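Heads up, the thing below is written out as structure tokens.
Owing to the predicted nature of the structure, the values given are computational and were not obtained by experimental measurement.
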Amino acid sequence: MFDHLRPATIAAAAAFALLGGCATLSESPQQQLELHTILDHREVAGVGCLLSNDMGRWYVIAPGRVTVMRSSKPLTVSCKKEGKGSAAEVVQSRADTTSLMGNVVISAGLGYFVDKHSGAGYAYPQVLTVLMQPAAAKDEEAGERPVEAGIF
């Protein structure tokens, strides 16, 4: 009855059955994030931010949106605006519970290892709020203030 099926077709069907819960097959390896920067309880616009993980680096002007590659590793966020302040934070990725359950039920956990390596089964929070530290006051430039010296 099934003699007409080729071995490659059977192997492909078996692979899809085993990896059915695998996020690598069902989810995008990319994720869109929204980034906001806060200083003294107010949002600061025009802040340049660099986001990076083991899959790449991305630049965005906050507030703004950026598309990053998913990873099981943390996302480092570094922001700075001249004269205002800077920030550096690390955001942990979290396993996507829906793909995790699919991996356990359908693929007996095999898809979990594939997703962990590719990062597809992980996600960062969709909205990131980075708290900035105020810029340090610069020392007064030489010659801006008259020298206060008494006459001898």
State, with a plain yes or no, whether a side-chain heavy atom of L33 is found less than 4.5 Å away from one of V68.
-> yes

So, for R70 and S28, which heavy atoms are closest and what is the spacing to 0.1 Å?
-> NE-O, 2.9 Å

Taking salt bridge (charged side-chain N to carboxylate O under 4.0 Å, His left out) as the test, write out the residues that go with E89, two or more places apart.
-> none

Should I61 and L35 be regarded as members of a common hydrophobic cluster, given that ILVMFWY residues are connected when their side-chain heavy atoms come within less than 4.5 Å of each other, either directly or indirectly?
-> no

Counterpart residues, side-chain contact (heavy atoms from CB on, under 4.5 Å), relative to R94 (two or more places apart) | P125

Answer yes or no: are there more than 12 heavy-atom neighbours, outside Q126 itself, under 6.0 Å from its atom CD?
-> no

When rounded to the nearest 0.5 angstrom, what distance separates NE2 in H36 from OG1 in T129?
-> 6.0 Å

Can you list the other members of the hydrophobic cluster that holds V47, where links are side-chain heavy atoms under 4.5 angstrom apart?
-> L39, V44, M132

Contacts of S78 that satisfy side-chain contact (heavy atoms from CB on, under 4.5 Å) - sequence neighbours left out | none

Between Q92 and P74, is any pair of side-chain heavy atoms under 4.5 Å apart?
-> yes

In short, salt bridge (Lys or Arg N to Asp or Glu O under 4.0 Å) pairs touching residues 122-132 with sequence neighbours left out are none

Between atom CG of L75 and atom CE of M69, what is the distance when rounded to the nearest 0.5 Å?
-> 13.0 Å

Hydrophobic cluster identity match, V130 and V66, side-chain contacts under 4.5 Å = yes

Other ILVMFWY residues reachable from V90 by side-chain steps of under 4.5 Å | none

What pair of heavy atoms forms the shortest contact from A45 to K81, and how long is it?
-> O-NZ, 2.7 Å

Under a single-linkage rule joining Ile, Leu, Val, Met, Phe, Trp and Tyr whose side-chain heavy atoms are separated by less than 4.5 Å, which residues share a cluster with L50?
-> none

With the side chain counted from C-beta on, respond yes when L51 and T76 share a heavy-atom pair under 4.5 Å apart, and no when they do not.
-> no

Which residue pairs satisfy the disulfide bond (SG atoms under 2.5 Å apart) criterion with at least one member in residues 39-70, sequence neighbours excluded?
-> C49-C79

For S93, which residues count as a side-chain contact (heavy atoms from CB on, under 4.5 Å) partner, sequence neighbours excluded?
-> Y122, Y124

Salt bridge (Lys or Arg N to Asp or Glu O under 4.0 Å) contacts in which one or both residues fall within residues 31-46, not counting sequence neighbours = E34-R65

Is V127 isolated, or which residues cluster with it under the ILVMFWY side-chain rule of less than 4.5 Å, directly or via members?
-> none

Taken in chain and number order and not counting sequence neighbours, the residues that satisfy side-chain contact (heavy atoms from CB on, under 4.5 Å) with Q133 are none

Does one hydrophobic cluster hold both V60 and M55, with members joined at side-chain heavy-atom distances below 4.5 Å?
-> yes

